[in-house]
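To start, the structure under review is shown below, and the notes come after it.
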Amino acid sequence: MSSKTAETPGTPGGPGASGTPEEAQPQRLRWLALAVLVLAVLLVGIDATVLGLAAPFLSEDLRPSSTQLLWIGDVYSFVIAGMLVSMGSLGDRIGRKKLLLTGSVAFGAISVLTAYAHSSEAMIVWRALMGVAGATLMPSTLALIRNLFHDPRERSLAVGIWGSMAAAGAAVGPVVGGFLLEHFWWGSVFLINLPVMAVLVVVGIKLLPESKNPAPGPWDLPSVALSMVGIIAVVYAVKEGAAYGFRWDVAVAAAVGLTALWSFVRRQLRLPHPLLDMRLFAHRGFTGAVIADLLTILGLSGLVFFLSQFLQMVQSRSPFEAGLAELPAALGSVTAGLLAGWAARRTSVRGAVAGGLAAVGLALGACVWLQATTGYLLLGSVLLVVGVGAGLAFTVTADVILSSVPKEQAGAASAVSETAYELGAALGIALLGSVVTGVYRSFTTPPGVPESAADQARHSLGEAVETAHHVPGPAGERLLTAAQDTFTEGLRLGAGVGAVILLSASVLAWYLLRGQKLGDIPEEE
């Protein structure tokens with residue numbers, strides 16, 4: 001897999017420069033270019049978590065229906081999941097720098113439109129378009145790292161920084177969002193994208209080298225359509241089925257999605273220049289890393305999604321305080337990400353990944369003792385271990401994925417990694433969410449509480465908090481306590497299921513990643 005990547009003449013690392021790739025792209029410029037790339041990653045991480053905090057404020061202003069509110073929250077992930085493979089492959093063809101900078105400008109412009117959305121319908125449209133723009137960012141950044149850093153040790157550190165910033169963005173999102181929501185209107189959480197994107201574009205034009213596949217073949221539009229329809233339909237079927245049970249639209253979406261994905265795979269195997277080379281999956285290390293990523297985020301996403309609600313609506317923390325409470329996960333992930341390459345070489349790739357996943361699984365297992373009155377010492381410790389384990393596993397698997405493919409296919413391979421992440425998040429929130437909500441909706445109506453109020457409270461914990469305020473006297477307090485205790489019970493069960501998934505992923509990673517190495521540096525098995 002020593003195919004050379006074409007570089008644009010006149011840019012650092014291009015044919016216009018002499019010497020080896022490392023000589024053509026001096027070390028200082030490589031690390032400055034990485035600093036620009038992680039700005040995009042940081043921003044996408046922040047944007048992925050900040051909307052959850054803004055949803056109550058947005059609801060008061062735009063008055064969306066329950067269905068519209070779900071689409072506002074989900075459409076971004078639907079579209080970004082469906083577009084990742086297509087955009088990663090497009091970057092391989094037209095140039096990753098070009099795609100990244102174009103997507104960054106679009107992301108910033110659409111952020112402004114989203115911030116000033118005047119209706120629920122407009123918000124859904126702008127969030128969908130943000131998903132299209134966001135799909136250009138993550139695969140492009142990781143593919144550019146593959147072409148910037150040719151030395152395996154340098155690349156491991158670069159990937160560690162990349163992964164750390166993604167985790168930091170996801171963790172900082174609630175803190176930044178909580179601060180903005182306490183001082184400004186809900187649209188401010190989208191306007192923070194503008195200065196970051198401005199710096200990325202202005203500096204990126206000067207520092208980032210261009211890279212693309214020298215002989216990519218045409219961008220196959222039927223494959224693009226099959227990929228988008230397949231992934232979006234499957235994610236929709238899983239989310240809707242978990243939330244509302246089996247319905248005709250869920251069955252149709254699942255059938256359409258699976259048929260489209262089957263057709264996509266068959267088409268890729270026949271095309272001389274496929275959108276996604278399915279032969280990548282013949283590499284056991286590549287397949288193992290992708291499966292490990294999917295299962296990890298599947299097991300984690302349910303806890304992360306519901307923990308924010310637990311901190312705010314069960315333990316009565318403000319949005320800003322809840323964001324601060326989740327910071328140990330970011331600190332652990334950043335630290336582990338920076339040390340992941342060193343750890344994988346001192347032990348083994350499969351040891352680092354399997355060990356990280358086992359640590360996360362055990363931390364989730366500790367949550368089965370969670371109570372509404374649990375002190376922060378246990379919560380903070382769990383989040384720290386989760387951050388360390390996930391940071392270690394995600395960083396090493398990203399490095400494995402990049403090391404397993406030729407440079408000219410780095411965009412498509414990175415997109416597969418990100419698609420696994422998005423699918424895992426959708427499946428995790430759907431499947432583990434159904435566990436939590438299934439337990440929550442079963443709570444018994446407390447004495448003295450009208451049945452109509454209890455039915456309203458069973459819709460969600462947020463509804464329970466609102467409804468309890470309108471039920472006078474001790475009955476309102478009993479309703480809120482019953483809702484909080486049952487939600488906590490559901491969270492414990494969901495965490496237990498997540499722990500089983502993570503521990504199973506650890507065993508699978510130990511098997512699939514045996515003999516895998518980072519780059520071409522020998523390591524001890």
Side-chain angles (χ1 to χ4, degrees), residues 38 41-53 160-179 292-293 295-312 314-315 317-340 343 352-353 355-370 374-398 421 424-425 428-429 432 491-492 494-495 498-499 501-502 505-506:
V38 299
V41 175
L42 186 71
L43 191 61
V44 172
I46 290 174
D47 196 72
T49 54
V50 78
L51 183 64
L53 290 174
I161 295 171
W162 176 88
S164 297
M165 288 305 101
V172 169
V175 178
V176 174
F179 175 81
D293 281 354
L295 290 178
T296 302
I297 196 63
L298 192 158
L300 266 177
S301 56
L303 174 72
V304 172
F305 182 76
F306 289 106
L307 186 61
S308 293
Q309 297 181 50
F310 174 82
L311 291 170
Q312 292 179 70
V314 175
Q315 296 201 329
R317 301 176 193 267
S318 70
F320 183 65
E321 290 171 338
L324 288 177
E326 294 176 22
L327 277 181
L331 296 175
S333 183
V334 169
T335 303
L338 294 175
L339 298 175
V353 176
L357 298 184
V360 177
L362 292 174
L364 292 183
C367 290
V368 299
W369 287 280
L370 197 65
T374 297
Y376 186 69
L377 180 61
L378 174 60
L379 280 174
S381 300
V382 165
L383 288 168
L384 180 63
V385 175
V386 165
V388 170
L392 182 62
F394 279 134
T395 303
V396 175
T397 53
Y421 184 96
I429 291 174
L432 297 183
L491 183 59
R492 288 198 299 268
I501 294 172
L502 264 296
S506 173

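What you see is a predicted model; the values in this text were computed from it and never measured.
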Where do A343 and L392 come nearest, in terms of heavy atoms and distance?
CB-CD1, 4.2 Å

Would you please test V382 and L370 for side-chain contact (heavy atoms from CB on, under 4.5 Å) and show each step?
CA-CA 11 Å; V382 165; L370 197 65; over 6 Å; no

Residues passing the side chain to side chain contact (heavy atoms under 4.5 Å, CB included) test with L339, sequence neighbours excluded, are T335

Side-chain donor-acceptor pairs under 3.5 Å in residues 360-368, sequence neighbours left out?
none

Step by step, would you call L377 with S381 a side-chain contact (heavy atoms from CB on, under 4.5 Å)?
CA-CA 6 Å; L377 180 61; S381 300; 4.2 Å; yes

With T296 via side chain to side chain contact (heavy atoms under 4.5 Å, CB included) - residues at least two apart:
L300, L357, F394, L502

Test R317 against Y376 for side-chain contact (heavy atoms from CB on, under 4.5 Å), laying out the working first.
CA-CA 12 Å; R317 301 176 193 267; Y376 186 69; 4.0 Å; yes

Closest non-hydrogen atoms of V353 and A292, given as atom of the first, atom of the second and distance, are CG1-CB, 4.5 Å

Would you compute the distance between atom CG of L295 and atom CD1 of I501 and round it to the nearest 0.5 angstrom?
7.5 Å

Starting from the C-alpha separation in whole Å, work towards a yes-or-no answer on side-chain contact (heavy atoms from CB on, under 4.5 Å) for Q315 and L379.
CA-CA 12 Å; Q315 296 201 329; L379 280 174; 3.7 Å; yes

Of the non-hydrogen atoms in A359 and V385, which two are nearest, and what is the gap between them?
O-CG1, 3.6 Å

